[in-house]
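Report on the structure given below.
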Number of protein chains: 2
Amino acid sequence: MTRVLEIVDRRLGDRCCDPTARPSRSHAEAEAAAIDFDQLAHPVRLQLLDVLARNEGRVCVCDLEAAVPVKQPTVSHHLRLLREAGLVESEKVGQWVYYRIRRDAARALRDRVQQVLRAFA
Amino acid sequence: MTRVLEIVDRRLGDRCCDPTARPSRSHAEAEAAAIDFDQLAHPVRLQLLDVLARNEGRVCVCDLEAAVPVKQPTVSHHLRLLREAGLVESEKVGQWVYYRIRRDAARALRDRVQQVLRAFA
DNA sequence: GGGGTATATTGACGAACGTCGATATACTGG
DNA sequence: CCAGTATATCGACGTTCGTCAATATACCCC
């Protein structure tokens, strides 16, 4: 009895609307997508990727440094993040280190991002 | 004389490669793009946008709260960020506030993001 | 091997971010 | 006007991020 009254109370209650509005993706999936966006959410990383994408083959770190307005340790830091994200790879040649973009990973990232965005717009 | 020697020294010097590798976009443009990615770089914001996109019309805050695993002030915080970014708009109706996604802004954001990504992959 | 160069790493620092309890504000029904 | 509810704001706190000077590491050439 009490139970029925409670249910009725809820139905007639002061809900603004019923929560049919559920997210289509789990929070875990949203977290994964957020990581994708996070990797691109810094101007220096975007510029580094831009230079690397535009230079088929390899670019040495000194040229990457010249392309962005931060000091050498900071460039190294962002290159590390990009490397750990799998978006670039590096190769040591003598005294220098050359970076190149990983097209496959970049394409996969682009596809995942586009899929998220398709749901919004 | 000294000057010529210096130039020659640089030419023959120990550069790994000439910096033909310049970014195609300015740092200011990269900063603007990074802001776009930043707005999407959080799981709660992605989930909120997801729910809003999937509900043509309006969704009240209480339902948005139910859709994400954070407390009410945090939901309010992220809704404010989305509102300030122009991605959603709100309307107060009596006791409740309804949010809706701004399709035009979402589409514009998507297009800008896609343009950046096209350069990479 | 010693001096020079390229890149990475470390450590420190301030700034920005994310979260939440507490509170304020605005509305509603009685 | 009062008690209750919905949402926003405030204030504090811990965490992560971005940057750089200093240093380490690895390489090169003489």
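What you are looking at is a predicted structure, and each value in this text was computed from that prediction instead of being measured. Chain letters run A, B, ... following the sequence lines, proteins first and then strands; every chain starts at 1. The analysis underlying the following values was restricted to heavy atoms, covering all of them including side chains, and did not include hydrogens, waters or symmetry mates.
Residues that satisfy the side chain to side chain donor-acceptor pair (under 3.5 Å) test with B/Asp38, not counting sequence neighbours, are absent from this structure. Among residues two or more places apart in sequence or in another chain, the side-chain contact (heavy atoms from CB on, under 4.5 Å) test is passed with A/His42 by A/Val44, A/Arg45, A/His78. Every residue meeting the side-chain contact (heavy atoms from CB on, under 4.5 Å) condition with A/Glu56, not counting sequence neighbours, appears here in chain and number order: A/Arg103. Checked against side-chain contact (heavy atoms from CB on, under 4.5 Å), B/Ser90 has the following partners two or more places apart in sequence or in another chain: B/Arg83, B/Val97, B/Tyr99. The side-chain contact (heavy atoms from CB on, under 4.5 Å) check on B/Arg25 picks up B/Glu29, B/Gln115, with sequence neighbours excluded. The salt bridge (Lys or Arg N to Asp or Glu O under 4.0 Å) test applied to B/Arg107 returns no partner, not counting sequence neighbours.
Within the structure, the salt bridge (Lys or Arg N to Asp or Glu O under 4.0 Å) test picks out the following pairs touching residues 112-121 of chain A (sequence neighbours left out): A/Asp36-A/Arg112. Contacts classified as ring-ring contact (aromatic ring centres under 6.0 Å, His included) and involving residues 57-77 of chain A (residues at least two apart or in different chains) are not found. Sorted pairs that involve residues 45-69 of chain A and meet ring-ring contact (aromatic ring centres under 6.0 Å, His included), not counting sequence neighbours, are lacking altogether.
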*Using a cut-off of 4.0 Å between protein heavy atoms and nucleotide atoms, how would you tag nucleotides 25-30 of chain C 5' to 3' with B, S and -?*
-SSS--
Using a cutoff of under 3.5 Å, can you pull out all pairs of nitrogen or oxygen atoms linking the protein to nucleotides 8-15 of chain C, with atom names and distances?
| from | atom 1 | to | atom 2 | distance (Å) |
| --- | --- | --- | --- | --- |
| C/dA8 | OP1 | A/Tyr99 | OH | 2.7 |
| C/dA8 | OP2 | A/Ser76 | OG | 2.8 |
| C/dA8 | O5' | A/Ser76 | OG | 3.4 |
| C/dA8 | N7 | A/Gln72 | NE2 | 2.7 |
| C/dA8 | N6 | A/Gln72 | OE1 | 3.3 |

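Within residues 32-51 of chain A, no residue has any heavy atom under 4.0 Å from DNA chain C.
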